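Remarks on the structure that follows.
Just so it is clear, the model here is predicted, and its values are computed rather than measured.
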Number of protein chains: 2
Amino acid sequence: MIQELIKELPLKKKQILETAEDLFLRFGIKRISIEEICSTAKVSKMTFYKYFKNKNELVKYLWSLMFEYGMKKLEEIEKLDITFQEKIELILKLKEESAKKLSHEFALEYFFSNTDLKEFFNQMYKRSISTFITFIKNAQAKGEVRTGMKPEFFIAATNKLMELVKDNELVNSYDSYKDFVLEINNFLFYGIFPRPNHE
Amino acid sequence: MIQELIKELPLKKKQILETAEDLFLRFGIKRISIEEICSTAKVSKMTFYKYFKNKNELVKYLWSLMFEYGMKKLEEIEKLDITFQEKIELILKLKEESAKKLSHEFALEYFFSNTDLKEFFNQMYKRSISTFITFIKNAQAKGEVRTGMKPEFFIAATNKLMELVKDNELVNSYDSYKDFVLEINNFLFYGIFPRPNHE
DNA sequence: GCTTTAAATGACTAAATACGTACAATATAA
DNA sequence: TTATATTGTACGTATTTAGTCATTTAAAGC
């Protein structure tokens with residue numbers, strides 16, 4: 001997912017980041033040790049500490065890449081000459097793609113970290129939110145979305161629904177965590193009605 | 001999955017087994033500590049050690065339950081008054097169901113453990129194999145499967161294909177580990193041809 | 001060839017985590 | 001009331017992990 005953003009980086013740093021992304025997404029952050037990242041990435045610990053001060057710094061770097069990726073994709077989609085609904089479809093496909101290997105563990109740590117990463121996450125989250133609000137407002141200016149809808153409400157609703165991630169029983173009633181993420185996203189855009197042109 | 005087999009057990013022992021099954025399947029055995037099992041199962045450590053000598057004994061007990069479940073289901077399917085192909089369909093559905101939360105990690109530890117669990121696994125595996133061979137031979141006796149096919153070859157082929165679990169690159173090319181498991185199983189029964197009546 | 005730089009290795013300490021046991025306190029049920 | 005089951009805390013030990021360092025290996029440039 002982040003691959004296209006780190007092409008310029010040194011090989012070993014790339015290997016670390018790709019491995020960390022994969023392992024963190026699948027098992028959550030706290031379950032993965034630096035040593036495991038190093039051994040699976042085929043990188044020595046020294047090399048790790050050359051590029052990252054510690055695990056937290058790696059996580060921050062990775063998160064910022066993931067945010068950057070999402071915002072870049074959103075901007076690309078916004079520029080396309082297609083209907084707003086088609087843009088929403090692309091966004092949903094993007095979310096589906098990103099959720100492929102996402103585990104419940106990681107999502108919990110990502111959205112509801114209570115460590116010193118919380119502040120860092122919040123900052124990035126606010127930035128991505130404002131990008132998305134601009135996206136909606138632009139669409140409203142072009143008459144593609146009804147102007148009565150406050151983008152701020154959409155964001156607030158999103159935040160509220162995100163708290164469902166903490167409802168273990170609900171999450172576990174889905175075959176995979178990915179299915180749960182899809183449900184939330186579909187619901188946010190289409191409510192209870194079927195997603196158009198989607199088998 | 002194993003729930004129906006442990007109904008009679010004491011409540012706390014059930015909680016431990018269900019939690020362990022869930023966590024082991026999702027994250028693999030070595031990543032999960034006894035303390036994590038206890039806390040998520042809402043059981044004290046003392047109670048854990050009352051029912052299980054250590055983690056290995058828990059794993060053995062769990063594995064034997066999982067084998068027992070599979071063999072019990074196979075026997076149930078065999079008794080049904082349906083065509084052989086319909087039975088195969090049921091077996092595939094069963095495998096699909098079992099693989100829902102299965103992670104690559106667990107499958108590796110399960111099939112290729114190199115600890116002292118290996119011997120234990122092999123014993124159970126042999127038993128389940130002979131059950132399956134009987135299943136095929138009975139079908140051959142009834143003329144439901146061509147008699148030219150040696151069941152032993154089928155088992156040997158299965159074992160060989162199972163080694164693909166160790167091919168990380170191949171496994172990772174699937175969206176989820178479950179999809180990979182389905183591919184193997186479909187292939188074993190239907191080769192490269194489509195699974196009948198399956199969308 | 002030689003020199004300089006980057007990376008890998010193995011060893012090391014300190015901290016954190018996990019294991020397995022023990023005991024007192026509490027809850028439950030006969 | 002008397003067993004029985006469960007919990008919480010604590011503890012010593014073992015294992016794992018984090019982070020650092022000196023040394024070896026590999027590679028790149030000249």
Could you state the atom-to-atom distance from [atom1] of [X] to [atom2] of [N] in whole Å?
X       : N      : atom1 : atom2 : result
B:Ile32 : C:dC19 : CD1   : P     : 10 Å
B:Leu9  : D:dA5  : CG    : C1'   : 16 Å
A:Lys14 : C:dA7  : NZ    : P     : 13 Å
B:Glu36 : C:dC19 : CD    : P     : 10 Å
A:Arg31 : D:dT16 : CZ    : P     : 17 Å
B:Ile29 : C:dA18 : CD1   : P     : 17 Å

Is [X] close enough and on-axis enough to [Y], meaning under 6.0 Å and within 45°, for cation-pi?
X       : Y       : answer
B:Lys13 : B:Phe52 : yes
B:Lys12 : B:Tyr51 : no
A:Arg31 : B:Phe27 : yes

Working to the nearest 0.5 Å, report the span between CD1 of B:Ile91 and CD of B:Glu86. 12.5 Å
Output for pair (B:Glu18 CD, B:Gln3 CD), nearest 0.5 Å, gives 4.5 Å
Protein-nucleotides 14-16 of chain C N/O pairs under 3.5 Å:
none

B:Phe135/B:Phe84 under ring pair (Phe, Tyr, Trp, His ring centres under 6.0 Å): CA gap, chis, key distance, verdict: CA-CA 10 Å; B:Phe135 173 68; B:Phe84 185 74; 5.6 Å; yes
Comparing A:Glu35 and B:Lys12 on DNA chain D - which has the more 5′ nearest nucleotide: B:Lys12
Does the plane of the ring in [X] sit parallel, tilted or perpendicular to the ring in [Y]? Use 30° and 60° as the thresholds.
X        : Y        : value
A:Trp63  : A:Phe120 : parallel
B:Phe154 : B:Phe189 : tilted
A:Phe180 : A:Tyr177 : tilted

Output the residues of residues 40-61 of chain B in contact with DNA chain D, where contact means a heavy atom of the residue under 4.0 Å from an atom of the strand; sort by number or write none. B:Lys42, B:Val43, B:Ser44, B:Met46, B:Thr47, B:Lys50, B:Tyr51
Is it true that B:Asn159 and B:Tyr125 share a donor-acceptor pair across their side chains at a distance under 3.5 Å?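 Their side chains do contain a donor-acceptor pair, which is all the 3.5 Å distance test asks for.
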Are a donor atom and an acceptor atom from the side chains of A:Asp22 and A:Thr19 found within less than 3.5 Å of each other?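 No, no side-chain donor-acceptor contact under 3.5 Å.
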Close N or O pairs between protein and nucleotides 25-30 of chain C (under 3.5 Å):
none

